Amino acid sequence: MLKDKFYDLGPEWRAFDSDQRDKRGRTGAPMTFTIHDKGLSTIIDWRNKDVHGRDISPTNRAQIYRLRKWQRRIRVSDAAERNLAFAMAELDRISSHLSLPRSIREQAAITYRRAVEENLIRGRSIESVTAACLYGACRIRGVPRTLDEVAEHARVDKKEIGRSYRFITKELNLKINPTNPIDYMPRFASELGLSTGVQKRAVEILEAAIKLGLTSGRGPMGVAAAALYISSIEKGERRTQREVSEVAKVTEVTVRNRYKELQEKLGLNVDV
DNA sequence: AAGACGAAAGTGGTTGA
DNA sequence: TCAACAACTTTCGTCTT
């Protein structure tokens, strides 16, 4: 019954690439929901007096009671709806900034609705919960974005999103696997303009590394970056450590450490 | 001149008493 | 709640291409 009432609150333009998006993005949320009824609501007050201050007859009184009851109901469902609409708008806004596919956004919406149903929002900001749902949705769908990336476009800081995320996943029993470095591969490779051959090789390296347990306890992005770095050299499409570290959002030092490790333990000789 | 290297000190988050 | 800890970062001087 609630869902009939949602409007498309997304941006009114479509962006075809991120440059465009950056230029055209105007402001935060597409619309404010602070005034849900546009000031048109009528309030039935609690006194049993009419406009002239006279007592209302008992017959009319029964009717007034019924009206009051509805007013109460409408008010609470309106508030809930308003919050949901706001959350959906926020979800839309962040995911469009992150160029996330619709399916992920929907996954996030599902999670969010569940969170609402289970009363998990109380005490947490809607913004932090939506961001947390989105972050989780990315991981569930195997298209990881870092917490930093999500936080960058959310209106709350990383710490709070993380807290909400942990809470939500625990309370809803969401089974989310630890991030797999392989999931980052397509994105990193394409951001670096590397061929699918390089990407495939990097995945092979990662698979071998996972078998040897070289990935556990390590930041997945660092490992992914290192594998891609090695593979880019092997395939003659070399990228510098700096370039690789940039897209993976880690430092060169980390790329170095990881790749030295991979090289040594996997018996790869990359040099020359 | 740019890239790669590695040592050393600093940071934030997890873990275990 | 606090301290220890590992991974990662920052910074910086040096070596290699």
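Computed from a predicted model, the values in this text were never measured in an experiment. Only this structure's heavy atoms are used, side chains among them; waters, hydrogens and symmetry mates stay out. Protein chains get the first letters and strands the later ones, always in sequence-line order, with residue 1 at the start of each.
In terms of heavy-atom proximity, A:Tyr229 sits nearest to A:Arg239 at CE1-O, 3.3 Å. Across every non-hydrogen atom of A:Leu266 and A:Ala209, the tightest pair is CD2-N, 4.3 Å.
A:Gly222 comes within contact range of no nucleotide atom at all, as no heavy-atom separation falls under 4.0 Å. Counting any heavy atom pair closer than 4.0 Å across all strands shown, A:Thr251 reaches a base atom.
Atom CD1 in A:Ile233 sits about 13 Å away from atom P in B:dG3, given to the nearest Å. The separation between A:Arg242 atom CZ and C:dT16 atom P is 23 Å, rounded to whole Å.
By the 6.0 Å and 45° rule, A:Arg145 does not stack over the aromatic ring of A:Tyr135.
Distance check: A:Ile168 CD1 to A:Thr111 OG1 gives 8.5 Å after rounding to the nearest 0.5 Å.
For B:dA2, the OP1/OP2 oxygens have no side-chain nitrogen or oxygen of A:Arg238 closer than 4.0 Å.
Within the shown strands, nothing qualifies as a pairing partner of C:dA6 under the Watson-Crick or G-U definition with both distances less than 3.5 Å.
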Contact letters for nucleotides 5-17 of chain B, in which S counts primed atoms plus P, OP1 and OP2 and B counts the base, heavy atoms under 4.0 Å: BB-----------

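Checking A:Thr146 against A:Glu149 by side-chain atom types alone, a donor-acceptor pair falls below 3.5 Å.
In this structure, A:Lys260 does not pair ionically with A:Glu264, as no charged nitrogen and carboxylate oxygen lie closer than 4.0 Å.
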